[in-house]
S.K.: 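Before anything else, here's the structure in question.
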There are 2 protein chains.
Amino acid sequence: MSTGAAARRGRGRPRAGEPSGRERILAAASEEFAEQGYDGATTRAIAARAGVDAAAIHHHFGTKSDLFSAVIDIPLRPDRALPDILDGPLEEIGERIVRYVLTSLESPGARRRAITMMRTGLGNRTMTPLMAKFFEREVISKVAARLSGDDVELRATLVGSQVGGMLMVRYVLRVKALADAPIDDVARRVGAAIQTYLVG
Amino acid sequence: MSTGAAARRGRGRPRAGEPSGRERILAAASEEFAEQGYDGATTRAIAARAGVDAAAIHHHFGTKSDLFSAVIDIPLRPDRALPDILDGPLEEIGERIVRYVLTSLESPGARRRAITMMRTGLGNRTMTPLMAKFFEREVISKVAARLSGDDVELRATLVGSQVGGMLMVRYVLRVKALADAPIDDVARRVGAAIQTYLVG
């Protein structure tokens, strides 16, 4: 409470009213994604908009998917977690996906951000196609690459549809039977349903 | 084009600026549902708000679920279709549910209303709990009543979560692999996944 504004800003942070490089990058990324879509946006163009070096983006955020996740404040990183989840026996993947998603959203902060992300992603006409493309490129195509047989893209998309539907009903609609169910029960049942898509 | 305003209104309809009984009932229902929730709202109270007889509600709309469906402009009536769908061999129910939902949304008008309903139901903080209660009372509990074994409410809710997730990804996010897939393929695959919940 007795800490002054300068100290709260921390060393090297800009003064009040001057956006930091990080903030300028986020604002520029938000504009670039909205105008060019997830696929069309480039970190180079975002750097130019923000008036920073492309290396600054890499330093502050990492890749384009990291930057997008920061823009939409995504509380879990399926694109980062997937390699580990998919690197195991196929018959365990369904349950592992559900368990990862549910445990990631156990903390109230993460859950609140996930709910905001879902509401925004579905309710906002600019955000909807951006979210869809992010999930297509960073999640669905990676699940599809792990599958064999027919219709791998469709089956991977259906996995995503069940995970998304589960999150929506548990955390946004909050239907009691699912909202109150222990993670173990949900992971077992939803995992088994997802397996029907994974094994074809 | 040459038809006058009076003729367009039709016989017995109110003049411009005077809401019809039907419109007054819809407005009153919208307020009553928002204030009391789906469970708390009564057709008697809606009639009182609208200044009409309770019989007028029955005449214009039917039951409370019919009236709610009219208020949110729901393009399919799972509560009406379910008795037929559930009245058959358990092993066919998954595919029958998916086929009913997808064929109901084939027409562009129904699809547009479904998309609006999903966006509103998830994006609007007043509508979300109303939609959830409607689906709990009119859909999930009826599916649950058809099941046997453990956790019937949870399993019925998970059926709803997969159907909802499928609609979201096919019609709102429009992820190509699912948006372009023929109804037969989707019904077969999603039907099989849903069966894991139905058989327990």
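By convention in this document, chain letters (A, B, ...) are assigned in the order of the sequence lines, proteins followed by strands, and residues within each chain are numbered from 1. Since the model is a prediction, treat every value here as computed from it, not as a measurement.
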S.K.: Do you know which two heavy atoms are closest between A:T157 and B:A177, and how far apart they sit?
M.R.: OG1-CB, 3.6 Å
S.K.: Considering only heavy atoms and a distance below 4.5 Å, find which of B:G200, B:A181, B:A132, B:A193 pairs most often with chain A.
M.R.: B:A193
S.K.: Examine whether an atom of A:I194 lies under 4.5 Å from a heavy atom of chain B, and if so say whether it belongs to the side chain, the backbone or both; otherwise answer neither.
M.R.: neither
S.K.: With only heavy atoms counted, which part of A:R155 is less than 4.5 Å from chain B, the side chain, the backbone, both or neither?
M.R.: side chain
S.K.: Can you find a heavy atom in the side chain of B:R189 that is under 4.5 Å from one in the side chain of A:L158?
M.R.: yes
S.K.: B:I115 versus chain A, heavy atoms under 4.5 Å apart: side chain, backbone, both or neither?
M.R.: neither
S.K.: Within a reach of under 6.0 Å around CZ of A:R146, are more than 12 heavy atoms found that belong to other residues, nucleotides or ligands?
M.R.: yes
S.K.: If you count the non-hydrogen atoms of other residues, nucleotides and ligands that lie under 6.0 Å from CZ in A:R188, is the total more than 12?
M.R.: yes
S.K.: Is it the case that the side chains of A:R119 and B:T128 hold a donor-acceptor pair, with the cut-off being a distance below 3.5 Å and no angle test?
M.R.: yes
S.K.: Check whether A:T196 gets within reach of chain B through its side chain, its backbone, both or neither, counting any heavy atom under 4.5 Å.
M.R.: side chain
S.K.: Within a 6.0 Å radius of atom CZ on B:R174, are there more than 12 heavy atoms belonging to other residues, nucleotides or ligands?
M.R.: no
S.K.: Please give me the minimum heavy-atom distance between B:K176 and A:E136, naming the atom from each residue.
M.R.: N-OE2, 3.9 Å
S.K.: If we only count heavy atoms from C-beta on, is the A:L122 to B:M168 side-chain gap below 4.5 Å?
M.R.: yes
S.K.: If I compare all heavy atoms of A:G121 with all of B:L173, which pair ends up nearest, and what's the gap?
M.R.: O-CD2, 4.5 Å
S.K.: Pick from B:L167, B:V169, B:V175: which one has the most heavy-atom pairs with chain A under 4.5 Å?
M.R.: B:V175
S.K.: How close do A:Q162 and B:Y197 get, heavy atom to heavy atom, and via which atoms?
M.R.: OE1-OH, 2.8 Å
S.K.: Just wondering, are more than 12 heavy atoms of other shown residues or ligands nearer than 6.0 Å to CZ in A:R137?
M.R.: no
S.K.: So which of A:D180, A:V186, A:V163, A:V190 has the largest heavy-atom pair count under 4.5 angstrom toward chain B?
M.R.: A:V190
S.K.: Quick check on B:R77: does its CZ atom have over 12 non-hydrogen neighbours (other residues, nucleotides or ligands) under 6.0 Å away?
M.R.: yes
S.K.: Pick from B:I140, B:L178, B:T120: which one has the most heavy-atom pairs with chain A under 4.5 Å?
M.R.: B:L178
S.K.: Give, as side chain, backbone, both or neither, the part of A:N124 having an atom under 4.5 angstrom from any heavy atom of chain B.
M.R.: backbone
